[in-house]
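Heads up: the structure comes next, in structure tokens.
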Amino acid sequence: SVFMLAGALAGVAGVLYGMKYNVFPTMGNVGLKAFIASVIGGLGSVPGAIVGALLLGIPEALVSAYVSSSLRDFFSFALLIVILLIKPNGLFGEKLKEKVYTMKNNKMRNLLCTLLLAAVLLGLLLYIDNSDLKSSMLSAVLQKGAIYALLVVSMNLLNGFTGLFSLGQAGFMLLGAYTYAILTIPVAQRANVYQYFDGGVVQFQMPQLPALILAGIVAALFAALIGAPVLRLKSDYLAIATLGFAEILRAVIQWEKLGPLTNASNILRKFTGYSSILFPFIVAGICIAMIVLLINSTYGRAFKAIREDEIAAEAMGINLMKHKMISFCTSSFFAGIGGALLAMFQHNVQAKSFTTAMTYEILLIVVIGGIGSITGSILGSFLYVACSEWWLRFLDNPTVIGTFKVPLLGHGFRMVVFSVVIMVIVLFYRQGLMGTREFSWDAIFAFFGKVGRFFKGLFGGKKTVKGGAVNE
């Protein structure tokens with residue numbers, strides 16, 4: 001009887017819907033929206049169902065009318081997730097029996113929060129990509145920040161998680177950038193690019209994604225070649241050896257004899273780029289996710305054991321050379337892909353730009369974010385790029401207020417202030433912004449829970465009055 005009554009009410013609702021809108025066989029989606037409204041209001045609550053329907057229907061109609069009808073479903077499900085995160089039983093749902101959150105419940109909540117955050121970031125990037133902001137400084141900072149995030153995380157894998165102090169990152173980036181550029185220049189344009197070398201020796205063009213993967217493979221192969229002798233060194237000696245390799249590689253690529261392949265010291269250009277700002281985010285996101293999976297695997301635990309104590313790790317049966325080589329080659333592979341992305345972002349490649357200063361810049365971001373923290377590397381990359389390229393840019397412009405000229409402001413002052421900011425961060429955050437910690441939804445919810453309990457105790461806690469009575 002309950003099922004029959006519910007069906008009858010649904011039929012009446014269908015009649016009312018048909019009076020206003022067109023009737024078609026696939027209109028079952030309306031039933032899904034009704035269920036969403038019920039969940040928002042709270043299952044088992046009639047007033048909740050009414051409020052949920054109003055909360056869902058009115059804003060959805062406004063979004064469809066004034067923003068875009070294609071975002072209507074996105075808004076519906078986003079609203080559902082937000083309300084369930086705040087009120088797990090809906091706005092007017094009956095409270096379930098109090099129970100301790102299990103790990104499974106926490107994982108589901110964290111997954112929903114992650115999906116919601118990803119949806120918001122995707123929506124923001126799509127908006128920037130399809131508006132006038134695409135050519136703005138914001139777009140440039142986001143793209144470069146995503147590329148640097150991949151480069152910094154790849155270096156952190158080696159320096160932070162394995163404990164190998166390497167300064168050859170610019171060399172592997174150079175290999176990746178040149179490999180990608182050489183393989184993706186259109187055949188018709190090679191005569192213009194290799195104008196001093198009769199069009200060069202490579203007379204074919206590869207698709208973008210295979211060339212991008214091959215850029216990482218070439219960098220990893222060179223890392224394997226130099227890894228056998230170099231990884232036997234430790235500490236500063238390893239750093240100097242890898243730094244020397246990067247400088248040798250940069251000199252060799254500019255060698256005139258290799259000009260038909262590398263264009264010597266001339267610029268490589270006209271290679272395949274990307275048109276959407278989503279591209280570097282997608283590639284960097286996939287690569288960072290693969291690095292995270294590696295760190296959380298048995299290999300990652302072996303890397304950390306080597307970092308803490310090589311003698312103890314070897315005594316436990318860990319093959320030091322094998323795991324160091326895996327870490328070194330993996331880091332180089334992703335550095336090569338990052339170098340190819342950087343080449344696409346800059347629209348040209350020249351060996352002289354891949355100097356030791358670029359390696360120091362990436363190492364600095366590793367230290368700022370936190371050695372041994374993936375989250376810190378990503379956060380530090382975006383903050384570093386935003387500060388150096390955008391937020392402090394006004395300091396390079398002379399400023400006059402009335403007849404008073406503000407002292408010091410002028411060309412180069414931006415980098416002075418930026419250097420002071422970095423020194424302050426290093427002095428007060430000895431382990432970087434994140435240290436060895438990672439982003440955690442559990443920590444965020446615990447923090448807001450503490451804040452909520454603090455204000456509840458401050459404004460709505462127990463108060464003792466005369467006579468010892470306690471009023472709530």
Side-chain angles (χ1 to χ4, degrees), residues 103 149-169 172 219-220 223-224 226-243 245-246 287-335 338 359-381 422 425-443:
M103 186 176 294
L150 172 57
L151 294 169
V152 174
V153 170
S154 69
M155 191 172 194
N156 210 347
L157 171 66
L158 192 62
N159 288 33
F161 289 95
T162 315
L164 300 177
F165 187 27
S166 170
L167 292 176
Q169 204 76 352
F172 300 117
I226 70 162
V230 166
L231 291 178
R232 301 183 188 280
L233 303 173
K234 295 182 180 180
S235 188
D236 298 340
Y237 301 101
L238 174 61
I240 295 300
T242 52
L243 180 64
F245 160 74
C287 292
I288 291 173
M290 293 173 67
I291 293 174
V292 171
L293 290 175
L294 177 63
I295 291 171
N296 293 328
S297 68
T298 54
Y299 287 101
R301 289 190 284 274
F303 295 160
K304 294 174 185 176
I306 293 172
R307 176 190 65 188
E308 298 301 327
D309 193 326
E310 287 192 13
I311 297 175
E314 190 172 24
M316 293 172 61
I318 295 174
N319 188 326
L320 296 183
M321 193 62 191
K322 173 187 172 183
H323 286 86
K324 285 182 179 180
M325 184 68 79
I326 291 173
S327 177
F328 191 56
C329 292
T330 304
S331 174
S332 303
F333 173 82
F334 290 113
T359 299
Y360 297 150
E361 188 178 33
I362 297 169
L363 179 61
L364 177 62
I365 301 174
V366 172
V367 174
I368 291 173
I371 298 176
S373 172
I374 300 294
T375 309
S377 297
I378 298 171
L379 180 64
S381 299
I422 291 173
I425 292 174
V426 173
L427 286 173
F428 289 95
Y429 293 89
R430 300 286 178 90
Q431 294 183 327
L433 295 174
M434 295 294 293
T436 57
R437 300 184 301 275
E438 299 291 353
F439 175 83
S440 169
W441 287 112
D442 292 330

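Sequential numbering from 1 along the given sequence is applied to the chain's residues. Keep in mind that the numbers below use all heavy atoms, side chains included, and drop hydrogens, waters and symmetry copies.
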Other residues, nucleotides, ligands: >12 heavy atoms within 6.0 Å of [X] [atom1]:
X: F439; atom1: CZ; result: yes
X: M290; atom1: CE; result: no
X: I311; atom1: CD1; result: no
X: Q431; atom1: CD; result: no

Looking at every non-hydrogen atom in both residues, tell me the closest pair between [X] and [Y] and how far apart they are.
X: S332; Y: A219; value: O-CB, 3.3 Å
X: K322; Y: N319; value: N-OD1, 3.2 Å
X: S166; Y: F328; value: OG-CE1, 4.0 Å
X: A335; Y: L151; value: O-CD2, 3.7 Å
X: G380; Y: I365; value: C-CG2, 3.5 Å
X: F172; Y: I226; value: CZ-CD1, 4.1 Å

- Would you mind telling me which of I374, V153, I371 makes a side-chain contact (heavy atoms from CB on, under 4.5 Å) with F161? I374
Rounded to the nearest 0.5 Å, what separates atom [atom1] in [X] from atom [atom2] in [Y]?
X: R307; Y: D309; atom1: CZ; atom2: CG; value: 12.0 Å
X: L238; Y: N159; atom1: CG; atom2: CG; value: 8.5 Å
X: F165; Y: L243; atom1: CZ; atom2: CG; value: 9.5 Å
X: L231; Y: C329; atom1: CG; atom2: SG; value: 8.0 Å
X: L157; Y: I288; atom1: CG; atom2: CD1; value: 12.0 Å
X: I306; Y: T162; atom1: CD1; atom2: OG1; value: 7.0 Å

Between [Y] and [X], is there a side-chain heavy-atom distance shorter than 4.5 Å?
X: M155; Y: L363; value: yes
X: R301; Y: K304; value: no
X: T359; Y: T242; value: no

- Task: Take I291 and N156, measure what side-chain contact (heavy atoms from CB on, under 4.5 Å) needs, and give me the verdict at the end.
- Result: CA-CA 10 Å; I291 293 174; N156 210 347; over 6 Å; no
- Are a donor atom and an acceptor atom from the side chains of Q169 and S154 found within less than 3.5 Å of each other? yes
- Message: Strictly by ring pair (Phe, Tyr, Trp, His ring centres under 6.0 Å), give each pair with a member in residues 299-321 just once, sequence neighbours left out.
- Response: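 Non-adjacent pairs meeting ring pair (Phe, Tyr, Trp, His ring centres under 6.0 Å): Y299-H323.
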- Query: Checking side-chain contact (heavy atoms from CB on, under 4.5 Å) for the pair E438/S373: CA distance, chi angles, key distance, verdict?
  - Reply: CA-CA 6 Å; E438 299 291 353; S373 172; 3.7 Å; yes
